[in-house]
Amino acid sequence: MPAHLIIEDGQPSWWDSADIWVVPGNDPNGPPGAPIAGTANYLWGRVHNTGNSASNGVRVDFYWADPSGQIAVGAATQVGSAFADLPPGATQEVLCLVPWVPVIVNGGHECLLAVAHGAGDINPLPDPLPNGFPFQPKQHEQIAQRNVTVVLAARRAQLLAVTVAALPRAIKKVELQLEHGGALPENLLATLGLERWQAAKDARVEAGLARRPHCDGDGPGEQKLALEVPRGQSLAIYLSLRADALPERQYALLRVLETQEGKVMGGITYVVVDLKQQQGQDHDQEQHSPEEQAS
């Protein structure tokens with residue numbers, strides 16, 4: 001059996017891959033967490049060789065794109081690459097050699113992709129990937145997508161842009177719809193800096209989709225939107241998100257699903273957290289001496 005390169009998809013949503021993560025700050029060996037806009041961040045990936053032959057000089061390319069359910073080459077920007085030699089059955093964590101600076105206009109809310117190319121792979125991808133090539137992680141085991149964004153809970157509605165892009169040769173007809181609730185696996189939470197956090201049982205998250213940005217006093221928008229995007233163009237849709245305070249070390253989930261004739265084509269996962277609760281607890285602990293804490 002030849003080499004078999006895999007970057008694992010997320011579960012249950014493939015765009016929630018834990019095999020891609022971010023280390024914010026200037027130390028690439030620091031703790032993982034949410035990216036910080038306007039400053040250096042480092043991208044890591046995890047690549048597996050489940051085949052019986054070695055694949056040396058494996059190259060893992062990293063990309064970022066505006067938050068979008070489906071992404072193709074040309075709509076994503078390459079950050080840089082990492083390299084690894086993978087014996088049969090090996091797994092290796094690899095560091096992108098080029099720091100990533102998320103754009104401030106999106107507040108660091110970006111989609112990340114990793115693509116593995118290696119000698120002797122059982123099902124190699126075109127190298128380089130041609131313009132317009134859809135990444136499609138479900139169809140290519142060497143491709144993984146991380147479309148997970150941490151959002152701070154706020155009573156005042158915040159607007160987050162979602163991009164819907166059509167390929168150059170076809171009109172795109174899709175629906176965007178919201179899905180509330182659920183939980184993330186522990187390994188993914190750890191890469192977000194949310195280790196040992198739990199899904200909130202009674203989270204109050206108000207969200208809606210709209211074709212145009214609106215003021216805080218307007219309605220939240222629709223739970224489902226039907227869209228038609230001309231070929232080769234993109235359309236911005238606005239997600240309005242409002243959430244009450246959440247219990248300490250608990251999060252709420254909201255997903256934006258892109259569907260076509262009832263089939264999920266992609267999505268974005270928003271993890272709503274209330275860091276003020278956690279910061280308040282940390283501050284209170286600092287006010288007590290070790291003796292007081294022990295007692």
Discussion item. Just verifying a value: how many Å separate W14 CH2 and K138 NZ, rounded to the nearest 0.5 Å?
Written reply: 5.0 Å
Discussion item. To the closest 0.5 Å, what do you measure between CG (L257) and OG (S13)?
Written reply: 7.0 Å
Item to complete: Give a yes or no on whether Q198 atom CD has more than 12 heavy-atom contacts from other residues, nucleotides or ligands under 6.0 Å away.
Response: no
Item to complete: Report yes or no: does T149 contribute a side-chain atom to a donor-acceptor pair with the main-chain N or O of Y270 at less than 3.5 Å?
Response: no
Item to complete: May I ask you to check whether over 12 heavy atoms, not counting those of E93, lie within 6.0 Å of atom CD?
Response: yes
Discussion item. Does atom CZ (R204) have a neighbourhood of more than 12 heavy atoms from anything else shown, all under 6.0 Å?
Written reply: no
Discussion item. Using the rule given for side-chain contact (heavy atoms from CB on, under 4.5 Å), can you reason through L5 versus T50, listing the C-alpha separation, both sets of side-chain angles and the distance that settles it, and then say yes or no?
Written reply: CA-CA 7 Å; L5 300 180; T50 63; over 6 Å; no
Practice prompt. Measure across D274 and L246 and return the closest heavy-atom pair with its distance rounded to 0.1 Å.
Written response: OD2-N, 3.4 Å
Worksheet item: Are any non-hydrogen side-chain atoms of E228 and I171 less than 4.5 angstrom apart?
Response: yes
Discussion item. Test your reading of the model: is there a side-chain donor-acceptor pair from E206 to the backbone of A157, 3.5 Å cut-off?
Written reply: no
Discussion item. For N26, I'd like to know if atom CG has over 12 heavy atoms of other residues, nucleotides or ligands within 6.0 Å.
Written reply: no
Worksheet item: Side chains of V79 and Y63: does their closest heavy-atom pair fall under 4.5 Å?
Response: no
Discussion item. Can you tell me how far apart CZ (R146) and CG (D9) are? Round to the nearest 0.5 Å.
Written reply: 13.5 Å
Item to complete: Calculate, to the nearest 0.5 Å, the distance between atoms CG and CG belonging to L209 and L225 respectively.
Response: 5.0 Å
Practice prompt. Please determine, by modelled atom types, if K172 and Q260 share a side-chain donor-acceptor pair under 3.5 angstrom.
Written response: no
Fill in: Straight-line distance of I7 CD1 to H48 NE2, nearest 0.5 Å
8.0 Å
Worksheet entry | Close side-chain approach of E258 to Q70, heavy-atom, < 4.5 Å | yes
Practice prompt. Return yes if some donor-acceptor pair links the side-chain N/O of W21 with the main-chain N/O of R46 below 3.5 Å, else return no.
Written response: no
Practice prompt. Report yes if some heavy atom in the side chain of P28 is under 4.5 Å from a heavy atom in the side chain of V23; otherwise report no.
Written response: no
Worksheet item: Under the side-chain contact (heavy atoms from CB on, under 4.5 Å) criterion, do D27 and Y42 qualify, and how do the steps go?
Response: CA-CA 8 Å; D27 180 6; Y42 286 89; over 6 Å; no
Discussion item. Working to the nearest 0.5 angstrom, can you tell me the gap between L239 CG and L178 CG?
Written reply: 6.0 Å
Worksheet item: Are side-chain heavy atoms of T259 and V174 found at a separation under 4.5 Å?
Response: no
Item to complete: Identify the two heavy atoms, one from P67 and one from N147, that lie closest to each other, and give their separation to 0.1 Å.
Response: CA-OD1, 4.3 Å
Discussion item. Using modelled atom types and a 3.5 Å cut-off, is there a donor and acceptor pairing between side-chain atoms of Y251 and backbone atoms of L184?
Written reply: yes
Item to complete: Applying side chain to side chain donor-acceptor pair (under 3.5 Å), name anything that partners T269, two or more places apart in sequence or on another chain.
Response: W15, D16, R255
Practice prompt. State plainly whether one hydrophobic cluster holds both L194 and L188, where clusters connect Ile, Leu, Val, Met, Phe, Trp and Tyr through side-chain heavy atoms under 4.5 angstrom apart.
Written response: yes
Discussion item. Show the nearest heavy-atom pair for residues N41 and P102, with the distance to one decimal.
Written reply: ND2-CD, 3.1 Å
Fill in: Contact check, side chains of Q11 and P185, non-hydrogen atoms, under 4.5 Å
no
Worksheet item: Do W64 and L113 belong together in a cluster built from hydrophobic side chains that touch within less than 4.5 Å?
Response: no
Discussion item. Could you walk me through whether F135 and L125 satisfy the side-chain contact (heavy atoms from CB on, under 4.5 Å) test, starting with their C-alpha distance in whole Å, then the side-chain angles of each, then the deciding distance to 0.1 Å, before giving a yes or no?
Written reply: CA-CA 10 Å; F135 284 99; L125 295 169; over 6 Å; no
Discussion item. Between V47 and Q142, is the side-chain contact (heavy atoms from CB on, under 4.5 Å) condition met? List the steps.
Written reply: CA-CA 8 Å; V47 60; Q142 309 96 321; over 6 Å; no
Worksheet item: Does the side chain of L241 come within less than 4.5 Å of L254's, by heavy atoms?
Response: yes
Worksheet item: Mind checking whether L227 and L160 sit in one hydrophobic cluster, side chains of I, L, V, M, F, W, Y counted as touching below 4.5 Å?
Response: yes
Worksheet item: Got a sec, which residues hit side chain to side chain donor-acceptor pair (under 3.5 Å) with S68, two or more places apart in sequence or on another chain?
Response: none
Practice prompt. Please name the pair of heavy atoms, one in D121 and one in H4, separated by the smallest distance, quoted to 0.1 Å.
Written response: OD1-CA, 3.6 Å
Item to complete: Take the angle between the ring planes of H140 and F133 and call it parallel below 30°, perpendicular above 60°, tilted in between.
Response: tilted
Item to complete: Could you tell me whether the side chain of V148 reaches within less than 4.5 Å of the side chain of V271, counting heavy atoms only?
Response: yes
Worksheet, complete the sentence: For V101 and G38 the tightest heavy-atom approach is CG1-C, 3.6 Å
Discussion item. How about CD on E222, more than 12 heavy atoms from neighbouring residues, nucleotides or ligands closer than 6.0 Å, or not?
Written reply: no
Fill in: More than 12 heavy atoms of other groups within 6.0 Å of N29 CG
yes
Worksheet item: In the single-linkage hydrophobic clustering (I, L, V, M, F, W, Y; side-chain heavy atoms under 4.5 Å), do V94 and L112 co-cluster?
Response: yes
Fill in: Under 3.5 Å donor-acceptor, N49 side chain and P87 backbone
yes
Fill in: Distance-minimising heavy-atom pair for A114 and V60
CB-CG1, 4.1 Å
Fill in: Side-chain donor or acceptor of R249 paired with backbone N/O of E195 under 3.5 Å
yes
Discussion item. I'd like to know whether D61 forms a salt bridge (charged side-chain N to carboxylate O under 4.0 Å, His left out) with R59, so could you lay out the CA-CA distance, the side-chain angles of the two residues, the decisive distance to 0.1 Å, and finally the verdict.
Written reply: CA-CA 6 Å; D61 296 332; R59 189 184 81 247; 2.9 Å; yes
Worksheet item: If Ile, Leu, Val, Met, Phe, Trp and Tyr residues are connected whenever their side-chain heavy atoms lie under 4.5 Å apart, and connections chain through other members, are I6 and L86 in the same group?
Response: no
Discussion item. Just to verify, what does E8 make a side chain to side chain donor-acceptor pair (under 3.5 Å) with, not counting sequence neighbours?
Written reply: none
